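Below is one structure; the comments refer to it alone.
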Amino acid sequence: MANFIFLPILALINLLFLLTTVHSNSFETKATQFFNSGHTNNWAVLVCTSRFWFNYRHVANVLSVYRSVKRLGIPDSHIVLMLADDMACNHRNPKPATVFSHKNMELNVYGDDVEVDYRGYEVTVENFLRVLTGRLPPSTPRSKRLLSDDRSNILIYLTGHGGNGFLKFQDSEEISNVELADAFEQMWQKRRYNELLFIIDTCQGASMYERFYSPNIMALASSQVGEDSLSHQPDLAIGVHLMDRYTFYLLEFLEDIHPASQANMNDLFKVCPKSQCVSTPGHRTDLFLRDPRSVLITDFFGSVRKVEITREAVNLTSAAEQPVEATSIRKEPKSEPLSYVDQLPVAEIIHQKPKQKDWHPPDGFILGLWTLILLVFFKTYGIKHLKHIF
Amino acid sequence: WGISRLPALWLKLKRLSLVGRLRRGTEGKWPRLPDSCEEELLIRPLHSGDIYASFQFRTLWDTDFLHQGKKVSHYRLFPKSLGQVLSKFSVRELHISFTQGYWRTMQWGQPIVPSPPGAELWVWFHNTVADVDGNWKELTNVLSGIFCASLNFIDSTNTVQPSASFKPLGLGNATDHRFLRYATLPREIVCTENLTPWKKLLPCGSKAGLAVLMKSEKLFHSSFHSQAVHIRPVCKDWQCSSTAWELRQTLNVVFDLYTSGQGKKEWSLFKMFSRTLTEACPLASSSKVYVDVTDNPELFDLSPATSVLNTAVVLGDRRTYSVYDLTQKETFGQLRSLNLVLRWKGESDMLRPLLHAERYVAGFGLQTGEIHTLIYNNHPYRAFPVLLLDSVPWYLRLYIHTLTVTSKTRENKPSYIHYQPSKDRLRPHLLEMLVQLPPHSVTEVTVQFERALLKWTEYTPDPNHGFYVGSSVISALVPSVVAMDTNNTQERPLFSSFFPTKEESSYFVRVYTEPLLVNLPTPDFSMPYNVICLTCTVVAVGYGSFYNLLTRTFQVEEPSQPLAKRLANVIRRIRGVPLL
């Protein structure tokens, strides 16, 4: 009789112990996760390499990733956006200042707040490699530089037309997978990244990450070697295909991610299986030191900061009164009233002598000089030498 | 950044305006702050049924950027990015504009702020600068980062130094043209990515005041869109003994009757911008909307009506404006929003502008051509001089000996010509002429050119599109019908005080022609690839066969026998009988 009462009590006590240990384990896992990812800032380099109106979908691809990355917290100052052609304000666009990703014009990925750093003819292989390696001319503005350090996680997204081992830039040049691998190695040696996520959406995209050899790079591609990446759906009003399949489903996946999301890279690898994409997306994680299961999506796509919420109030001192410079106190020297310049001073212009930077000898000087030389010569040596000249 | 900081910034704005009001209440006297800003919107219905909206935002700041000793560090209304640019490069005046579309002078009249298609940048440097070209190069790079435009393509091949045009628009008397640089990029595209940083330079951003109307989906769906930044020193007060810095941000847009107006001659703020006005910018000292009602009531009627009228002489014409003051609460009415509606009532005839110009390329083939510039003087009896500035890229080799200027089929000799020939790959042609236009006439300027063949790496990725030649600039003092107001220091609406007026009988105007699109002889870029394929094929077939013939021997091989014979042979071998 007593056993019947004793056993459930024992079971209950055991259960309580188990619960407390499980609870403390979850705290531990949270604590370890807090210190897991070693990055302190996030950067994104998003490149569209195709020109011309029928490559609308490549610009839409990049802009949809730009939109997701901005929504999850990476600011414009940390995004280098390169668009090889302008689709939004293109004269063939029936709705100017918009770039749509879904047909029937459901989602405008261009938006109202977009900053493109490299546009048009500036998107070249040289500029792309210079941005990655940081070897830019000294007068390049900050918004065009990738100012990452050894604790930055960088997301690199490339889209365009590609082939086995190369990616075409603007219909006139190409970047090969060897060049790209070397650029990443330069970045590693200069400590320009902590971890790098490389996504490419082109035909035969997997060939671009075959040659990587630097540590801490994870790569995804939309198709294997020998396969083409296909486009998703055309819009009949705009007249071109709006997005590529892989990025379309990637956008759908990213729309569900919010800054506190715990989705990890394994979910990203499952985006767009062969049934939806027709091509087989591939990925490469052998160079990555951490387990992809423990890498959060927001480690690369978002800019998640570790914040500590404090409940105590802080007293702000009132703003110091700016010493307003009263103009009456300042004793200004009495100067003549200034005036505006005459915009078209006709008389002055007509009498203006053209300013010559180089000094030229007066007219006829060379001719006179030669005449003098000839005269002196014939005076000294006699006129009979004239027949040798003529 | 933007999303999380929005509420904080909004609170800060509200607090500033609150503090301002409190201070006014307690002290009674408004302490004079060194900077102030004003905003205004001018709406002018055009005779073709289109509507022209011109925004101007002005910030005046009494400070000294060019002072060597003390660096300016506290910025309030003036944007810090531009202030740092001015002090670092010792800039005296900066004018930059981005335009999409071409201003049709014949249909729309003269613009308030003229601008050529593409990007245009002209800068006056201070006369203490030692290396103007170095400063210019760095300035263009910095501005390309600020405005998200490809201004870094401005280099010596498209920069010119005009000798008589583009006199400074601000105060000062030194006009040594060695400190002036002018460049245009006619190919530059303008889109939301240029509007976004432009809006961020405004004191109130795009959150309050007139800037809430600037929605890119509506602004770029127009016939003409131009945004500009003009920085110059102006008179600080009416005595004009010292200078203050003025930053003007202007945005001009012309909405088309058929694409934006759906064919109906009825315009409203909501139809144009898909927004209405709800309040003025709290940081602005004046915020006004002017509607040009000179043709009211015969042509259109305006609602909500207002009794405040203002007249101003603009571009040689006295025009009447209805003024809506957004700093007054009554302007917004019961609904707390202002939506101006203009309804057309009848037709009208087109006005003829006194000065306009056209330009086109004549000729055929890809070797030579001719540039024709036509300048029309529509004044019935007055002649006036115009200054024509042409900057042609080096790959169009101009033959200046073929330059002719004819008016009314007679030769018209210019009173001033400044020509600087081009140097291949170094600098463009610069041609400046002062031409007297006879009354009611067409003046034609023609010059022949030859097209150069570029090196194959110099072609753009889409060379079959063509190459652009920047617009010609025509600066003129056009005789005015009405006496112009020469008092530059009194309170005037911003749109009438853009160009300073010195005399009463004429006003200064700048007209831009169309840019030209010229095809250069383009090589076939697939040729190297085709040649390599063909040559390799020929070599492979020819040499390969030859090599095979020389190095391989031929051996006769017995064909394999059928199965029955093979079995029979096996049996015969066993039997010891000769094989088949």
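Model, not experiment: these values are computed from the prediction. We name chains A, B, ... by the order of the sequence lines, and we start the count at 1 in each one.
Under a cut-off of 6.0 angstrom, the local environment of NZ in A/Lys95 is sparse, with at most 12 non-hydrogen atoms contributed by other residues, nucleotides or ligands.
Scanning all heavy atoms of the two residues, the minimum distance from B/Ala476 to A/Leu344 falls at CA-CD2, 3.9 Å. Scanning both residues, A/Ala88 and B/Cys191, for their nearest heavy atoms gives CB-SG, 3.7 Å. Scanning both residues, A/Asp112 and B/Thr196, for their nearest heavy atoms gives O-OG1, 3.6 Å.
Counting only heavy atoms from C-beta outward, the side chains of A/His351 and B/Tyr416 never approach each other to under 4.5 Å. Using a 4.5 Å cut-off on side-chain heavy atoms (C-beta onward), A/Asn93 and B/His221 make no contact. Looking at heavy atoms from C-beta onward, B/Asn152 lies in side-chain contact with A/Lys144 at the 4.5 angstrom threshold. With contacts defined as side-chain heavy-atom distances shorter than 4.5 Å, the pair A/Glu115/B/Asn194 does not qualify. For the pair A/Ile349 and B/Leu387, the minimum side-chain heavy-atom distance is below 4.5 Å. Taking the side chain as every heavy atom from C-beta outward, A/Glu173 and B/Pro461 never approach each other to under 4.5 Å. Side-chain atoms of B/Ser144 and A/Pro141, non-hydrogen and from C-beta on, do get closer than 4.5 Å to each other.
Of the listed residues (B/Gly145, B/Cys148, B/Ser165), the one with the most heavy-atom contacts under 4.5 Å to chain A is B/Cys148. When the candidates B/Phe153, B/Tyr459, B/Phe525, B/Phe166 are compared by the number of heavy-atom contacts under 4.5 Å with chain A, B/Phe153 comes out ahead. Put simply, of B/Ser506, B/Ser216, B/Pro233, the one with the most heavy-atom pairs under 4.5 Å next to chain A is B/Ser216. Among A/Gly120, A/Cys89, A/Ser303, A/Pro137, the residue with the largest count of heavy-atom pairs under 4.5 Å with chain B is A/Cys89.
Residue contact with chain A, scored on non-hydrogen atoms closer than 4.5 Å, involves the side chain of B/Lys200 exclusively. Only the side chain of A/Thr98 comes within contact range of chain B, judged by heavy atoms closer than 4.5 Å. Proximity to chain B (any heavy atom under 4.5 Å) is shown, for A/Pro138, by neither the backbone nor the side chain. For chain A, the nearby part of B/Gln100 is the side chain; its heavy atoms alone come within less than 4.5 Å. Proximity to chain B (any heavy atom under 4.5 Å) is restricted, for A/Tyr110, to the side chain, taken from C-beta onward. Heavy atoms of A/Asn108 lying under 4.5 Å from chain B belong exclusively to its side chain. Only the backbone of B/Val190 has a heavy atom closer than 4.5 Å to any heavy atom of chain A. Looking at A/Ser139, the atoms closer than 4.5 Å to chain B (heavy atoms on both sides) sit in the backbone and in the side chain alike. For B/Lys218, no part sits under 4.5 Å from any heavy atom of chain A, backbone or side chain. Proximity to chain B is limited to the side chain of A/Phe52, based on heavy atoms less than 4.5 angstrom apart.
Using modelled atom types and a 3.5 Å distance limit, the side chains of B/Ser150 and A/Glu122 yield a donor-acceptor pair. Side-chain atoms of A/Gln170 and B/Asp462 form no donor-acceptor pair, as typed in the model, at a separation below 3.5 Å.
For B/Lys502 (side chain) and A/Val341 (main-chain N/O), no donor-acceptor pair under 3.5 Å exists by modelled atom type. In this structure, A/Gln343 contributes its side chain and B/Tyr507 its backbone to no donor-acceptor pair below 3.5 Å.
Partners of A/Asp86 under the side chain to side chain donor-acceptor pair (under 3.5 Å) rule, at least two apart in sequence or in another chain, do not exist in this structure. Taking B/Glu193 as the reference, A/Arg119 meet the salt bridge (Lys or Arg N to Asp or Glu O under 4.0 Å) condition, with sequence neighbours excluded.
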A/Tyr340 and B/Leu169: CA distance, side-chain angles, deciding distance, side-chain contact (heavy atoms from CB on, under 4.5 Å) verdict: CA-CA 7 Å; A/Tyr340 289 99; B/Leu169 284 177; over 6 Å; no
If you apply the rule salt bridge (Lys or Arg N to Asp or Glu O under 4.0 Å), what do you find for B/Lys167 with A/Asp342, and how did you get there? CA-CA 7 Å; B/Lys167 296 263 180 238; A/Asp342 204 357; over 6 Å; no
Run B/Leu434 and A/Val346 through side-chain contact (heavy atoms from CB on, under 4.5 Å) and show every step you take. CA-CA 8 Å; B/Leu434 186 69; A/Val346 177; 3.8 Å; yes
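Separation of atoms CZ (B/Phe147) and OG (A/Ser143) is listed at 12.0 Å; rounding is to 0.5 Å.
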